[in-house]
There are 2 protein chains.
Amino acid sequence: MPKKITIYDIAKELKITAASVSRALNNNPKISAKTRKLVQETASKLNYKPNRLALALKSGKSNNVGVIVPKINSNFFSSVIRGIEDELFPQGYHVIICQTYELGTREIENINALLNAQVDGILMSYSGATSNHDHLNFIIEKNLPLIFFDRKADIEGVSSVTINDFVGAYEATKQLIQQGCKHIAHLTIDRSLEIYKDRFEGYQKALLDHGMQVQEDFIIESESTLEGGKTSIQKLLELKQIPDAIFSASDFVALGAIRELKAKGIKIPDEFCVTGFSNEPFTNFMELPITSVDQFPLEMGKMAAKVFLEQVNNKETKIEKNVVLNPKLYVRKSSTKPSNSKSKKTNNK
Amino acid sequence: MPKKITIYDIAKELKITAASVSRALNNNPKISAKTRKLVQETASKLNYKPNRLALALKSGKSNNVGVIVPKINSNFFSSVIRGIEDELFPQGYHVIICQTYELGTREIENINALLNAQVDGILMSYSGATSNHDHLNFIIEKNLPLIFFDRKADIEGVSSVTINDFVGAYEATKQLIQQGCKHIAHLTIDRSLEIYKDRFEGYQKALLDHGMQVQEDFIIESESTLEGGKTSIQKLLELKQIPDAIFSASDFVALGAIRELKAKGIKIPDEFCVTGFSNEPFTNFMELPITSVDQFPLEMGKMAAKVFLEQVNNKETKIEKNVVLNPKLYVRKSSTKPSNSKSKKTNNK
DNA sequence: TAAATTTGCGTTATCGATTACATAAGCATA
DNA sequence: TATGCTTATGTAATCGATAACGCAAATTTA
């Protein structure tokens, strides 16, 4: 097995010192053109590759960033990561992936592991169910760039890139109202998370702004799964006043709901309208395409990366940036009543 | 900004040397219980965190692995990565993500970047359109574990974890034959990639084994997109002999095909059966669920990680392992003719 | 009690690169 | 020719951890 080539090997070959080799390879002016040429030739002849670990140790800059997400195998998060990678790789950064599986303990573990690995910054979707930010303080105290995306907490000095969940939910609900739906239910997930709280509030505000009432029993919380949608519909259908539309904070719940509604013989969109959230690819693949709110995960990732770059490149000045992206409602068949089917708003991404 | 705590800070605090601190923290027996306790207390008091970079430089082991995929935001690849991460994180490894965007140049760039970063191994889905493996030789020469997953090339000393694409395609085609389909077309992607070549051959073999002929004009190559499915169907419908089923090597192409068939007024599955490949989540979400072949990406990732672990833990012995996972056909409505709809084989994952 | 052994800790080199400082050689100027 | 100024190169410290080696003190054995 061939040994690793270091600048010392190049130095020995040319009977000079490692310092000169280093200078030659880094376009340092304090070296003669002749030596530089010789070193560069020898380097490529020996197939020299700089050891980034040594460089990182010396400079205190690893050129790695950590990205923490609940799970990587979801369309939303993998698209955010793609956006981050697309933006950071050309700048010489590598992305280290960590998953929390929605577990607070894993979040702490991951942060510690990333800090030990000397990452130059952490981009994370913050689970932040608790208000205990101790593990984040280690990052902040070290003056390491920390950027939240999608799920954030309001912490001084911490930047964030999110979408306006409130507006997304408001627009989605408004569209249902405009379709003539009178009793609009809301299927939500864990409202201790800001994103779901905001979607709930957007829904509420849209109803109130249009002279409609918010009914407590129309708000059903479940997991973000098809099963969650099924059981939620079952609960709604047991009410005295049955709703005629739902705005779901999750596309998966929306799909589960649609399936259950169909199973009960309820016609969509004629008798019942459904709108989801996230614009998961499948919402547009269905024979009955589902109206949904796009969160632009790719752009979110890119923006988070840009905010990170701004911060590492201006270490001295402390900048907190809170970018809020605008979501976009894609109105599709699941919430377009036949009488309105020629609506200009219909939009198939 | 607080300075980083190193073992030297602990040493100074206790008026001992860094070597003793190191021994105390690493359960080295050559240290007294009293000193060990003192060091451990001081370490946690000062919130000491080991610098993995220094450790990596010293030991020559970074505890990072590189994973190279065409793109991360696809259900298949993000699931493989999840499998890898699930398996490697508990073993103290971090996963560095790289994308090739299906570009050979990016593959070389990524490999060089990972080698510079001193990763302990590389797991990759090999684009390998060309037969030029020069950039891989750098990895192999360094005796670094290299594991292919999904897309491989047969290179001595390189392990791989793949699924049996041939069998998957064979089973899928056989099921169509058993449904009574007489003219089965095949929609494929780039057959210079082994996976697509194998699927094509499985299709071919199934036809021949059942006394059917392989028709050259029934094989249509396109991109793995909905659009690809649409244009492929258009070509097939222009033939003198129109097929009555397709086996598609891609779920996206299958979906595009289904849409176009419906647009032409062709009834699925009554007049035409369709089967895809990959078992993308949406295939089972549709109102007309699509028959597809599951590739078990999570298991593939876990297995690739396990093969990697075996190799790093047995550096001295050179082991080449070629794991072939069995795919599973999920028979759904798109390929189940009404007369056979009670078939025992129907399976909804 | 002296010799032999064990134990605990300090000294120092090392991993691979960068860089401040020192120094020698080359050249121009007086 | 002596002096000053560049320029190119060498020397050595540094980043943070580990580990071989050496040595003194403590302990065991004869």
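Chain letters run A, B, ... following the sequence lines, proteins first and then strands; every chain starts at 1. Bear in mind the structure is a predicted one, so any value in this text is a computation, not a measurement.
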Under 4.0 Å between a side-chain N/O of [X] and OP1 or OP2 of [N], yes or no?
X     : N      : value
B:S20 : C:dG8  : no
A:S22 : C:dT18 : yes
A:N28 : C:dT18 : no
B:Y8  : D:dT14 : no
A:T6  : C:dG16 : no

Minimum-distance nucleotide (side-chain atoms of [X] versus [options]):
X     : options                : value
B:R23 : D:dA12, C:dC15, C:dG10 : C:dG10
A:N51 : D:dA17, C:dC9, C:dG16  : C:dG16
A:P50 : C:dT19, C:dA17, D:dT9  : C:dA17
B:A54 : D:dG10, D:dA17, D:dC21 : D:dA17
A:L57 : D:dA17, D:dT18, D:dC15 : D:dC15

- Task: State whether the side chain of A:N63 and the backbone N or O of A:Y93 hold a donor-acceptor pair below 3.5 Å, judged by distance alone.
- Result: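 The answer is no, because no donor-acceptor pair under 3.5 Å joins these two groups.
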- Task: Return the 5'-most residue of the pair A:K58, B:V21 with respect to DNA chain D, ranking by each residue's nearest nucleotide.
- Result: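 The residue mapped nearer the 5' terminus is A:K58.
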- Query: So is A:K71 actually on top of A:F76's ring, under 6.0 Å and inside 45° of the axis?
  - Reply: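 Judged by the rule, A:K71 and A:F76 form no cation-pi pair.
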- Does B:F138 have A:K49 sitting over its ring (NZ/CZ under 6.0 Å from centre, angle to axis within 45°)?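 Yes, a cation-pi geometry holds between A:K49 and B:F138.
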- Message: Under a 4.0 Å threshold between the charged nitrogen and the carboxylate oxygen, would B:K321 count as salt-bridged to B:E310?
- Response: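 Salt bridge present between B:E310 and B:K321.
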- Message: Centroid separation under 6.0 Å, is that true for the rings of A:Y126 and A:F149?
- Response: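 So the answer is no for these two rings.
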In this structure, how many angstroms lie between the [atom2] atom of [N] and the [atom1] atom of [X], rounded?
X     : N      : atom1 : atom2 : result
A:R52 : C:dT18 : CZ    : C1'   : 16 Å
A:K30 : C:dA25 : NZ    : C1'   : 15 Å
A:K37 : D:dA8  : NZ    : C1'   : 18 Å
B:K15 : C:dC9  : NZ    : C1'   : 17 Å
B:K4  : D:dG16 : NZ    : P     : 7 Å
A:R36 : D:dA8  : CZ    : P     : 9 Å
B:I16 : D:dA17 : CD1   : P     : 14 Å
B:N63 : C:dC15 : CG    : P     : 20 Å

Which part of the nucleic acid does [X] contact within heavy-atom distance under 4.0 Å: base, sugar-phosphate only, or nothing?
X     : answer
A:S32 : sugar-phosphate
A:I7  : base
B:T35 : sugar-phosphate

- Task: For A:R23 and A:N28, test the side chains for any donor-to-acceptor distance below 3.5 angstrom and give the result as yes or no.
- Result: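 Result is no, nothing qualifies.
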